[in-house]
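Okay, structure first, notes after.
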Amino acid sequence: MKMSRLMNETVREAPSVTEVKGHELLLRAGFVRQVAAGVFSYLHLGQRALQKLEAIMRQEMDALGGQEIKMPLVHPAALWQASGRWYEIDAELGRLVDRNGRSLTLALSHEETLAELARQEIRSYRQLPQLAYHIQTKWRDDPRPRAGLIRSREFTMLDSYSLDADDAGLAAQYQAHYDAYFRIFARCGLPVLAVEADVGMMGGTQADEFMYLTPIGEDTLLLCDGCGYRANRQVATFRKPETGGDTQAMQFVAELVVGEEKLERVVTAVLAHHSQLNETKLVHLLDAQRLRPTADQATDLWLVDDGVTGWSGQVDKVADIAAAQDGDACTSCGQPLRTVRAVEVANIFKLGTRYSRTMGVTFVDAHGVAQPIVMGSYGIGVTRLLACLAEQHHDAAGLVWPVAIAPYQVHLLALRGGLETAVSLYNDLQQAGIDVLFDDREERPGVKFNDADLIGLPLRLTLSQRSLAAGGVEVKIRGDGETAVVPLNDLLNHVTAWLAEQ
RNA sequence: CGGGGCAUGGCGCAGUUUGGUAGCGCGCUUCGUUCGGGUCGAAGAGGUCGUCGGUUCAAAUCCGGCUGCCCCGACCA
């Protein structure tokens, strides 16, 4: 691609809307443009990088025996009503009505659609197991998009869905995805940590989240250096310390959804004085949809944390409802837990029969008996991954893409006296199958160098009178700044060999 | 949804306190100059000051409604 034809203006100053470095650089280098809050266009370089990410994901999913499919962005409300999520999920679900008055939803996720597909296609245990995946746009009307692509409302996900006859089959596919996801992140160049997680709005029985550790993350993790325990704060357990008997009480209205009905119960939570409430634990205990604080109402249910001693008031239930904090003791080994911030880039769920039971997705087993299909769902936030990669791979001058995901592999710069040679080199490189971004613009050297640093392609090739006088092409590695002059007739080999090493 | 902030040319900002009809830097166009780290000079183009209404002889500036965007919290892949 010639830069003279690229609709890709780089900007020198940081746009005022950016708060995190990765977002700033993606905007300045011309990878993305914001269209509305949490909604983005991907310019050519951004789209290329996304395609690289998606190619890696396809390879790894195909290697698991996955079949790529594509499910729609718009779903009939009936599917979501059947699973119950139409009623359970509030304003995050994009709802619309078509010209004939039919209710539709925008794809917040695709469990319902896949379950419906399975209901139509799967009859017998002989057709199981199955693995289908797709890469598709999602809409979640997040109450507060932030940090660019890290938390947007419209985003792209890789979703994989497994269908099995039993829990053992699910466990195998779950483990296969667990391993495959690590391979995907390793190939993309993003360090991640898998942690125990809440199942959240997906439902199901078990979940792990793949976390990119960064101070700009909005999840808090608890890690144990003693035994390796690691969990999202939402589910993290810890040894309750001895307390002096001081307690605190907090009152909530718990909103429950039973079928299409909404119910409310007033709950008072009692905690040790120094504890913090873990609302996720409380929500699960109550089987509630959400909580909102209240005060001075007649309590329907008294919940006391299992770390409380000396509570003499009413008790309806004792359970773990406290949030683990930095320095709390690990449940299994007693070492102090530490907290870190992280961005969730992927998650995997054992859905079990949560969707197949509610939506009537069954198969006939070997004994001729209808059974609910056992499902798993596995997702990677593709656009969020791009944002994390920009966050992870940059320096003061700009982005520094790993070869595997760089929108182009080399950045060819033609300076004074080098244009003619550069043009023929551009053709040679492309014929050799190398992705080249060619800066053929009439700009001063400084502009080209700075843009090249900002865009951050792995190799920079400079052709000029000076380089030719020195013996050929200047080759500069973006990552470590190492430069060398390579003779023209050796360049193709040099570049190919270097790329192959990465 | 609660709290805070912002909205002036493509981008970043000043001007608003104290009302008098819009300015700076970058970018863009043309010419010259320079040519390996965002050269230098000259001449240009480009703005219903988010929007609707009010006050006033006069509103970017004062008042009110609305919209959009950002940040903190709640929430969330």
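Just so you know, these numbers use all the heavy atoms, side chains as well, and skip hydrogens, waters and symmetry mates. So you know, we letter chains A, B, ... as the sequences are listed, proteins then strands, and number each from 1.
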Can any side-chain N or O of Asp328(A) pair as donor or acceptor with the backbone N or O of Gln325(A) at less than 3.5 Å? yes
Going by side chain to side chain donor-acceptor pair (under 3.5 Å), name the residues that satisfy it together with Thr156(A), two or more places apart in sequence or in a different chain. none
Please state whether the phosphate of G38(B), meaning OP1 or OP2, lies under 4.0 angstrom from any side-chain nitrogen or oxygen of Arg444(A). no
Once you apply the 3.5 Å cut-off to both distances, tell me the Watson-Crick or G-U wobble partner of U33(B), or none. none
In B/S/- notation (B base, S sugar-phosphate only, - none; protein heavy atoms under 4.0 Å), nucleotides 67-72 of chain B written 5' to 3' is --SSSB
With sugar-phosphate meaning primed atoms plus P, OP1 and OP2, does Ala14(A) contact a base, only sugar-phosphate, or nothing at under 4.0 Å between heavy atoms? sugar-phosphate
Is C49(B) paired to anything, Watson-Crick or G-U wobble with both distances less than 3.5 Å, and if yes, which nucleotide? none
Over how many whole Å does the gap from Leu277(A) atom CG to A74(B) atom P extend? 12 Å
Would you kindly give the CD-to-C1' distance between Gln276(A) and A74(B), to the nearest whole Å? 14 Å
For Glu218(A), which residues count as a salt bridge (Lys or Arg N to Asp or Glu O under 4.0 Å) partner, sequence neighbours excluded? Arg146(A), Arg151(A)
Could you give the CZ-to-P distance, from Phe155(A) to C76(B), as a whole number of Å? 13 Å
What distance, rounded to whole Å, do you find between the two P atoms, one in G65(B) and one in C70(B)? 23 Å
Scan residues 411-425 of chain A against RNA chain B and write down, sorted by residue number, each residue with any heavy atom closer than 4.0 Å; if none is found, say none. Leu415(A), Arg416(A)
The answer to which of Ser464(A) and Gln234(A) contacts RNA chain B further toward the 5' end, by nearest nucleotide, is Ser464(A)
Atom C1', compared across G44(B) and G27(B): separation rounded to whole Å: 14 Å
Could you tell me whether a side-chain N or O of Ser162(A) sits under 3.5 Å from a main-chain N or O of Gly376(A), the two making a donor and an acceptor? yes
Both distances below 3.5 Å, Watson-Crick or wobble geometry, any strand: find the nucleotide opposite U67(B). A7(B)
With sequence neighbours left out, write down each residue that passes side chain to side chain donor-acceptor pair (under 3.5 Å) with Lys138(A), or none if nothing qualifies. His110(A), Asp159(A)
State which of G12(B), G36(B), G37(B) makes the closest approach to the side chain of Lys476(A). G37(B)
Do Gln465(A) side-chain and G36(B) base share a donor-acceptor contact under 3.5 Å? no
Nearest-angstrom distance, C1' atom, A43(B) to U48(B): 28 Å
Output, in order, the C-alpha distance, side-chain angles, deciding distance and verdict of side-chain hydrogen bond (donor to acceptor under 3.5 Å, both in side chains) for Arg384(A) and Tyr212(A). CA-CA 11 Å; Arg384(A) 174 177 279 187; Tyr212(A) 165 56; over 6 Å; no
Which residues pass the side chain to side chain donor-acceptor pair (under 3.5 Å) test with Arg444(A), sequence neighbours left out? none
Side-chain heavy atoms of Asp305(A) within contact of Asp320(A), under 4.5 Å: yes
Give the rounded distance in Å between these two atoms: CG of Asn8(A) and C1' of C11(B). 15 Å
Between G10(B) and C62(B) - C1' atom distance, rounded Å: 31 Å
Filter on side-chain hydrogen bond (donor to acceptor under 3.5 Å, both in side chains), then keep only pairs touching residues 30-42 of chain A, sequence neighbours left out; what's left? none
Intermediate values then yes/no, ring pair (Phe, Tyr, Trp, His ring centres under 6.0 Å), Tyr178(A) and Phe182(A): CA-CA 7 Å; Tyr178(A) 188 93; Phe182(A) 272 111; 5.4 Å; yes
Do Asp198(A) and Thr280(A) pair up side chain to side chain, a donor and an acceptor below 3.5 Å, judged on atom types alone? no
Length of the CG-C1' vector between Asp141(A) and C1(B), whole Å: 13 Å
Using atom CG of Asp439(A) as one end and atom C1' of C35(B) as the other, report the distance to the nearest whole Å. 14 Å
Assign the ring pair Phe210(A) / Phe185(A) to parallel, tilted or perpendicular, where the plane angle (0 to 90°) is split at 30° and 60°. tilted
When you look at CD of Glu9(A), are more than 12 heavy atoms from neighbouring residues, nucleotides or ligands closer to it than 6.0 Å? no
Among the nucleotides G12(B), G38(B), G36(B), which one has an atom lying closest to any side-chain atom of Phe449(A)? G36(B)
What integer distance in Å separates Asp90(A):CG from C1(B):C1'? 11 Å
Using the C1' atom on both, measure G54(B) against G12(B) and round to a whole Å. 33 Å
Using the C1' atom as the point on both nucleotides, what is the distance between G15(B) and C24(B), in whole Å? 10 Å
If I take atom NZ in residue Lys138(A) and atom C1' in nucleotide C76(B), what distance separates them, rounded to the nearest angstrom? 15 Å
Roughly how many Å apart are C6(B) and C26(B), using the P atom of each and rounding to a whole number? 27 Å
For RNA chain B, whose closest nucleotide is more 5', that of Glu474(A) or that of Glu218(A)? Glu474(A)
Between A14(B) and G5(B), how far apart are the two P atoms, rounded to whole Å? 16 Å
Look for any protein N or O under 3.5 Å of an N or O in nucleotides 26-33 of chain B and output each such pair with its distance, or none.
unit_1, atom_1, unit_2, atom_2, d
C26(B), O3', Arg12(A), NH2, 3.3
G27(B), OP1, Arg12(A), NH2, 2.9

Give Val11(A) one of three labels, base, sugar-phosphate or nothing, depending on what nucleic acid heavy atoms sit under 4.0 Å from its own. nothing
With Arg153(A) via salt bridge (Lys or Arg N to Asp or Glu O under 4.0 Å) - residues at least two apart: Asp141(A)
Atom pairs and distances, donor-acceptor, side-chain atoms in residues 11-26 of chain A, under 3.5 Å, two or more places apart:
unit_1, atom_1, unit_2, atom_2, d
Thr18(A), OG1, Pro15(A), O, 3.1
Glu24(A), OE2, Arg28(A), NH1, 3.1

Remember a base hit wins even if backbone is also touched, and classify Thr18(A) as base, sugar-phosphate or nothing at under 4.0 Å, heavy atoms. nothing
Is the count of non-hydrogen atoms from other residues, nucleotides or ligands lying under 6.0 Å from Arg5(A) atom CZ greater than 12? no
Kindly state which residues belonging to residues 452-460 of chain A come within less than 4.0 angstrom of RNA chain B, counting heavy atoms of the residue only, listed by number. Asp453(A), Arg460(A)
Applying side chain to side chain donor-acceptor pair (under 3.5 Å) to Thr214(A) and not counting sequence neighbours gives none
Counting any heavy atom closer than 4.0 Å, what does Glu442(A) reach on the DNA or RNA strands: base, sugar-phosphate only, or nothing? nothing
